[in-house]
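Chain A is the first sequence line, chain B the second, and so forth, proteins listed ahead of strands; every chain is numbered from 1.
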Amino acid sequence: MPELPEVETVRTGLSQLLLGKLIAKEEHDWPKGFPNTDFDVQSFMIGVEILGIRRRAKVLIIDLSSAYSLVVHLKMTGQLVFVGRDYRFGAGHPNDSLVGSLPDKSTRVTLTFDDGSRLFFNDQRKFGWMRLLPTAEVPNIDFFKRVGPEPLADDFTATAFRERLKVRQNSMIKAVLLDQSVIAGVGNIYADESLWAAKIHPAERVKNIGDRKMNTLFNELRAILKLSIDKGGSSDKNYVNAEGKRGSYLSFANVFRREGKPCFRHPDTLIEKSRVAGRGTHTCPKCQKLKAA
DNA sequence: CACTTGACCTGTCCGC
DNA sequence: TGCGGACAGGTCAAGT
């Protein structure tokens, strides 16, 4: 699911909706997931204020006034959906969205705030996680210790991008883009989209890609991530923003989920779907050619 | 070391 | 209509 643009969209939404609210009640139905601690979770969550929402890679960090943070990974099907105090139980979600009546059978955690508004953490496939951690320890979780730089950071340059990818000379470029320890936040959608934009075959080995093409890939990846954030991300199946609304990036996508449709560069050539690095992969066979071995 | 596979889960879609 | 299998935006561990 959610890749960098989707998680960033949720972060923006939650920042506008949750700041300053006090948590009045916490409910969960997730024996093997949350809470992750054996101490009294309530004392670090109830009556505390939401201070801020951060994002690192595809992970959201909700900072609380108790000096603890709720750390959330949505994985494939996670959602964080906010509803106001006048939301009626069972009324159905008011927006044109993928969310029905809340809570639903995928709801794992519900936070109720002092003004009666609520935040639902839903996750159909239960791959996602939510953890309550001391804010100071958040950077020390395994995922953050390993994760690579943010591709949209101001100080992340094309040179730095090339240097990081070059460490994996013999790997397929798509596998490297998807590796969170190389670059943070890229998933299947934006890997396919950026490789099409740079005219690189996803199975191309990194060592076969010259500096110029690498620079193009860097620029295209950043432009695509920014465009998607601007469009509120991609809603394929489950993704919705903090208000339960879909994102519209997929209507701008060039290859993702466009198998069998004409390539926008070559109207006589159809987008193909294959499997690269274990993932469904979309390419134009005419503009993304593999170099002969 | 690099890559593949399986696991974690549930739901949907497609072919028979 | 039912059933089996493949597949789905992400990581992680184990196997080759």
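One interatomic measurement links the two molecules: CG of A:Asp104 to P of B:dT10, which rounds to 14 Å at whole-angstrom precision. A straight line from CG of A:Asp192 to P of C:dA8 spans 11 Å, rounded to a whole angstrom. Across the protein-nucleic acid pair, A:Glu204 atom CD and B:dC3 atom P stand 13 Å apart, rounded to whole Å. The distance from atom CG of A:Leu74 to atom P of B:dC9 is 18 Å, rounded to the nearest whole Å. Between A:Asp179 atom CG and C:dT11 atom P there is a gap of 10 Å when expressed in whole angstrom units. For the pair A:Asn122 CG and B:dT10 C1', the interatomic distance rounds to 14 Å; values are reported in whole Å. Distance CZ (A:Phe256) to C1' (C:dG9): 6 Å, rounded to an integer number of Å. Counting to the nearest Å, the C1' atom of B:dA2 and the CG atom of A:Asn170 are 8 Å from each other.
Using a 4.0 Å cut-off, no side-chain N or O of A:Lys273 falls inside it from OP1 or OP2 of C:dA6. Contact check, A:Arg146 against C:dC12: a side-chain N or O comes under 4.0 Å of OP1 or OP2. OP1 or OP2 of B:dC3 has not a single side-chain nitrogen or oxygen of A:Arg275 nearer than 4.0 Å. A close approach under 4.0 Å does not occur between any side-chain nitrogen or oxygen of A:His73 and OP1 or OP2 of C:dG10. Within the 4.0 Å cut-off from OP1 or OP2 of C:dT11, at least one side-chain nitrogen or oxygen of A:Gln180 is found. OP1 or OP2 of B:dG11 has at least one side-chain nitrogen or oxygen of A:Lys105 nearer than 4.0 Å. One finds no side-chain N or O of A:Thr77 lying less than 4.0 angstrom from the OP1 or OP2 phosphate oxygen of B:dC9.
With B:dA2, C:dG10, B:dT10 as the candidates, the nucleotide lying closest to the side chain of A:Phe127 is C:dG10. Counting only heavy atoms from C-beta on, A:Arg125 has its side chain closest to B:dC9 among B:dC9, B:dC3, C:dT11. The side chain of A:Glu3 lies closest to C:dG10 when the candidates are B:dG11, B:dC3, C:dG10. Checking B:dC3, B:dT10, C:dG9 against every side-chain atom of A:Lys126, the shortest atom distance belongs to B:dT10. Of the candidates C:dG10, B:dG11, C:dG9, C:dG9 carries the atom nearest the A:Lys237 side chain, counting heavy atoms from C-beta on. Nearest to the side chain of A:Lys58, among C:dT11, B:dT10, C:dC7, sits C:dT11.
As rounded to the nearest Å, C:dA6 and B:dT5 have P atoms that lie 13 Å from one another. One P atom belongs to C:dT11, the other to B:dC1, and the distance between them is 22 Å to the nearest Å. B:dA7 and C:dG5: their P atoms are spaced 15 Å apart (whole Å).
Nucleic acid contact for A:Gly278: none, since no nucleic acid atom lies under 4.0 Å from a heavy atom of the residue. Residue A:Gly280 is classed as a sugar-phosphate contact, given heavy-atom separations below 4.0 Å to backbone atoms only. Using a 4.0 Å heavy-atom criterion, one finds that A:Ser106 contacts no nucleic acid atom at all.
By the 6.0 Å contact criterion, NZ on A:Lys199 is open, its count of non-hydrogen atoms from other residues, nucleotides or ligands being 12 or less. Annotation for A:Arg265: atom CZ counts as buried by contact number, over 12 foreign heavy atoms lying within 6.0 Å.
Without hydrogens or angle criteria, A:Glu204 side chain to A:Lys291 main chain gives a donor-acceptor distance under 3.5 Å. No donor-acceptor pair closer than 3.5 Å links the side chain of A:Arg205 to the backbone N or O of A:Asn208.
In terms of heavy-atom proximity, A:Ile46 sits nearest to A:Ala24 at CG2-O, 3.7 Å. Here the closest heavy-atom approach between residue A:Phe34 and residue A:Leu132 is recorded as CE1-N, 4.1 Å.
In summary, of the residues considered (A:Trp196, A:Tyr249, A:Phe256), a ring pair (Phe, Tyr, Trp, His ring centres under 6.0 Å) with A:Tyr190 occurs for A:Tyr249 alone.
The partner of B:dC9, taking Watson-Crick or G-U wobble pairs whose two distances both stay under 3.5 Å, does not exist in any strand shown.
Contact of A:Arg168 with B:dA2 (side chain to base): no donor-acceptor pair of N or O atoms is detected under 3.5 Å.
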